[in-house]
Number of protein chains: 2
Amino acid sequence: MQEAAQVLEEAQSDLSPQQLIGALVKKGELTDPGSPRGRLLNAAARLFEQKGFSRTTVRDLAAEVGILSGSIFHHFSSKEQILCEVMKEVTIFASARMRSAMESAGSPQERLRACIQSELEAIHEQAVPGFSILVMEWRSLSEASQKEVLLQRDEYEQIWLDAINTAQCPGGDAAVVRRLLVGALSHTYSWFKPREKGLTIPELSDRVFQIFAP
Amino acid sequence: MQEAAQVLEEAQSDLSPQQLIGALVKKGELTDPGSPRGRLLNAAARLFEQKGFSRTTVRDLAAEVGILSGSIFHHFSSKEQILCEVMKEVTIFASARMRSAMESAGSPQERLRACIQSELEAIHEQAVPGFSILVMEWRSLSEASQKEVLLQRDEYEQIWLDAINTAQCPGGDAAVVRRLLVGALSHTYSWFKPREKGLTIPELSDRVFQIFAP
DNA sequence: AACGCTACCAAGCAAGCGCTTGGTATTCAA
DNA sequence: TTGAATACCAAGCGCTTGCTTGGTAGCGTT
């Protein structure tokens, strides 16, 4: 029974996270996590998520990957550029992940539920480290950097809007519903702890789905 | 004493914001906005909301009220204490405002709708300057300060939980529903602009209500 | 007139910040 | 064997930060 479920899960999701990352790296859309630049981006994603952007110093970041603070600027031109690059790569990865989650969903209802669960997994599991930064640290970006990230983000949001529209949610137009969902889901970072034996991510996804698409 | 407070509370149900503030100042629960300390707290609420806590310097704050930065520490012991005091006073004011909004609501449905609209007004109108700080800058507080603010916040959240419970919302227990609502509502600060001729606050309240309590 | 209290100024300190500079070790292709 | 490229170190610069110190002007009370 346990094995059958596991086989089914792996059969439905064509790629593991590592395989998905590998494919995106080969396409040149993501930085190789093994390269110095990639290790910096991953460490930055973790630190910015844990402590916030302005409370993370370049010395913190350098210590995390075992180099001196000045060496960071051999790979990036400024601290803000690091945040910008982190956000862009996080968005690209989350998009690919959600698109692959949508492929194994049949009905419009299932598609919306898959979106919700995919975003919750991005926020809470190690699935997409740094995803919550996209909302929480948005104001730390300059306007120029915001535009760069929005260019990537449009694709991700389009998947959401399609899912909301076809699922016929109440509450007016899809854009408003999505924005309310962004807030509700991203804020779970502050209170939902999937490790504690209480709510699981699928259960929480069910509740959110139940509220937004009854 | 208990009765006197009750009478005072009922008397303030139809008060304007200024009158409500005045009553709370007289009870000693709020700092007089005309005093130097009060002017600092109001300016801090505006600045922390606009630019964020860590991007606001004590020099910014001092300039806003027309004094030098060092003089701030004649009124507060640290920058973090200012944030803590702002949060406490914002919570006290928002509680009083919401309680008075609940009194003119009849059915459980109306009570929940009144809660939603009251919080949206707190976030977007000048009703409660600094309200969004409560969510956005929570992590900027030390654990000791967080406990202080939570002491005030419990009362506010209890009103919400009662309203959600009696309105029989879907989506499981009231605590989870409230947390999803906190996220959805507080995030509106980033996208909803009541000045633009589009959605109004009552209309947005309707949509949120429609989603969370169909 | 003397006192104490509040509110503030003027000046600056120590620490921390993002970032720069000049140089070194290693690698690898020509 | 040379030369360019990559990845990093060592040292520190210039600036900003939250906060301190010592002093003063104005005020109401006694």
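All values reported here derive from a predicted model rather than from experimental measurement. We name chains A, B, ... by the order of the sequence lines, and we start the count at 1 in each one.
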Position toward the 5' end of DNA chain C (nearest nucleotide), B:R39 or A:D60: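 Looking at the nearest nucleotide for each, B:R39 comes out on the 5' side.
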Tell me which of A:G70 and B:G70 sits closer to the 5' end of DNA chain C, going by the nucleotide each one is nearest to.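 Of the two residues, B:G70 wins.
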Between [atom2] on [N] and [atom1] on [X], what's the gap in Å once rounded to a whole number?
X: B:L61; N: C:dC8; atom1: CG; atom2: C1'; value: 15 Å
X: A:R37; N: D:dC8; atom1: CZ; atom2: P; value: 13 Å
X: B:L40; N: C:dA7; atom1: CG; atom2: P; value: 11 Å
X: B:Q81; N: D:dG18; atom1: CD; atom2: P; value: 15 Å
X: B:K79; N: D:dT17; atom1: NZ; atom2: C1'; value: 8 Å
X: A:E80; N: C:dG18; atom1: CD; atom2: C1'; value: 13 Å
X: A:H75; N: D:dT6; atom1: NE2; atom2: C1'; value: 8 Å
X: A:I67; N: C:dG18; atom1: CD1; atom2: C1'; value: 14 Å

Between [Y] and [X], is there a side-chain heavy-atom distance shorter than 4.5 Å?
X: A:T188; Y: B:R179; value: no
X: B:V149; Y: B:W138; value: yes
X: A:M87; Y: A:E137; value: yes

Minimum heavy-atom distance A:P33-A:R39, with the two atoms named: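 Looking at all heavy atoms of both residues, the closest pair is O-CG, 3.4 Å.
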Give me the ring orientation class for A:F212 and B:F212: parallel if the planes are under 30° apart, tilted from 30 to 60°, perpendicular past 60°.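 Ring orientation, 0 to 90° scale: perpendicular.
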With a 3.5 Å cut-off and just heavy-atom distances, do the side chain of B:S69 and the base of D:dC19 make a donor-acceptor pair?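 In this structure, the two groups form a donor-acceptor pair.
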I'd like to know if B:R59 reaches the base of D:dG18 with its side chain such that a donor and an acceptor end up less than 3.5 angstrom apart.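 Check passes, donor-acceptor contact within cut-off.
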Can you find a side chain N or O atom of B:S71 that sits less than 4.0 Å from OP1 or OP2 on C:dC9?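 For B:S71, the contact criterion (side-chain N or O under 4.0 Å from OP1 or OP2 of C:dC9) is met.
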With respect to the phosphate group of D:dC19, does any side-chain polar atom (N or O) of B:H74 fall under 4.0 Å of OP1 or OP2?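 So the side-chain polar atoms of B:H74 never come under 4.0 Å of the phosphate oxygens OP1 or OP2 of D:dC19.
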Give B:S35 one of three labels, base, sugar-phosphate or nothing, depending on what nucleic acid heavy atoms sit under 4.0 Å from its own.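 The residue B:S35 makes no contact with any strand.
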At under 4.0 Å between heavy atoms, what does A:T57 touch on the DNA or RNA strands: base, sugar-phosphate, or nothing?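 A:T57: backbone/sugar contact only, no base atoms under 4.0 Å.
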Any idea which of C:dG18, D:dC19, D:dC9 is nearest the A:L68 side chain?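 Shortest atom-to-atom distance from the side chain points to D:dC9.
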Nearest to the side chain of A:F73 - D:dC8, C:dC19, D:dC19?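 Shortest atom-to-atom distance from the side chain points to C:dC19.
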